[in-house]
Amino acid sequence: MAVQTIDTGFFKLDGGAMFGVVPKSLWNKSNPADERNLCTWAMRCLLVEEGNRLLLVDTGLGDKQDARFFSHYEPHGEASLLKSIRQAGYSEKDITDVLLTHLHFDHVGGAVSRSADQLVPTFPSATYWSHSAHWDWATNPNSREKASFLKENIEPLQQSGQLQFVDQGGFSFPNVELVQVDGHTEKMTLPVFQVGNRKVAYVADLIPSSAHVPLPWIMSYDVRPLLTMEEKTRMLRQAAEENWILVFEHDPVVEAATVEATEKGIRIREKGQLATFLQQNGTVF
């Protein structure tokens, strides 16, 4: 199994929303805000090759929304989803599977593209994977999350016939474990990959950045913040005990890290690039 990160650019979100009850005097040190209180965040995806399968995990913001929408989030940077896939040596036609951790716009936006006056799946040969309970949650959204679930990112996937659900069988990657968590949103799906003798966990919005490793550092976007703390505790303890590599979807600087137990709780042990961690471990990829 070969695993690599795919950069899709940066965007901005309110710092207070990203750090919840944590005071700005603390989070502003690691993620400095601009004059509008917005912090810069990455939209980092994963590309996983195993046999004749090429799996993409999450798809970033995409580029099909209008200028008014993008004015709220200020997407920037030279990278884009398709540009990064092509730089990795593939094309959109090579993607066989797309796993969507959840359907918030900054994770699923790139899954659908605008072609003339139609919205179509970006990856014509791919099966798109979601969780059926999360799909129901997103297509019948609560008032708190409604602005994050955009019909134009979701409906074309089902209409295309390319959508399947991981909880209904068929997701057959033998070296991938799927973990469902419910604190951030209903049934967010986190993939954990066995790469050689190491596990690589894509922690999505459970732990969006390295700054969010301490337990109280939880986003205001989470629908069940106390449950998020429980889910983080379980995953971080296992990651520390088994020396997992955590890949952060939104950290603007830190791509991956390992963690360890300390007197203050689980903390970052080492930060770096995913490829560097795997090479140091002697993993061939």
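The chain is numbered in sequence order, starting from 1.
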- Message: Applying side chain to side chain donor-acceptor pair (under 3.5 Å) as the test, list every pair that has at least one member in residues 155-167; sequence neighbours left out.
- Response: S132-D167
- Using modelled atom types only, decide if a donor and an acceptor are shared between the side chain of N140 and the backbone of D136 within a distance under 3.5 Å. yes
- Task: Please check if the side chain of Q65 supplies one atom and the backbone of A67 the other of a donor-acceptor pair under 3.5 Å.
- Result: no
- Residues E249, R44: salt bridge by 4.0 Å N-O rule: no
- Counting heavy atoms not belonging to R237, are there more than 12 under 6.0 Å from its CZ? no
- Show the numbers, then the answer: is there a ring-ring contact (aromatic ring centres under 6.0 Å, His included) between H102 and F149? CA-CA 10 Å; H102 60 300; F149 293 127; 8.0 Å; no
- How many angstroms lie between atom CZ of F11 and atom CZ of F105, to the nearest 0.5 angstrom? 6.0 Å
- Query: In terms of heavy-atom contacts, does CG of N28 have more than 12 from other residues, nucleotides or ligands at under 6.0 Å?
  - Reply: yes
- Item | Donor-acceptor pair, side chain of R269 and main chain of A257, under 3.5 angstrom | no
Residues 121-128, side-chain donor-acceptor partners within the protein, below 3.5 Å, at least two apart:
unit_1 : atom_1 : unit_2 : atom_2 : d
T122   : OG1    : G110   : O      : 2.7
T122   : OG1    : A111   : O      : 3.3
T122   : OG1    : V112   : N      : 3.4
T122   : OG1    : S113   : N      : 3.4
T122   : OG1    : S113   : OG     : 2.6
Y128   : OH     : A111   : O      : 2.9
Y128   : OH     : T122   : N      : 3.3
Y128   : OH     : F123   : N      : 3.1

- Query: When the aromatic ring centroids of W244 and Y202 are compared, is their separation below 6.0 Å?
  - Reply: no
- Message: Run the side chain to side chain contact (heavy atoms under 4.5 Å, CB included) test against E186 and tell me which residues pass, sequence neighbours left out.
- Response: W137, D182, R224
- Item | Aromatic contact, H212 with H250 (centres under 6.0 Å) | no
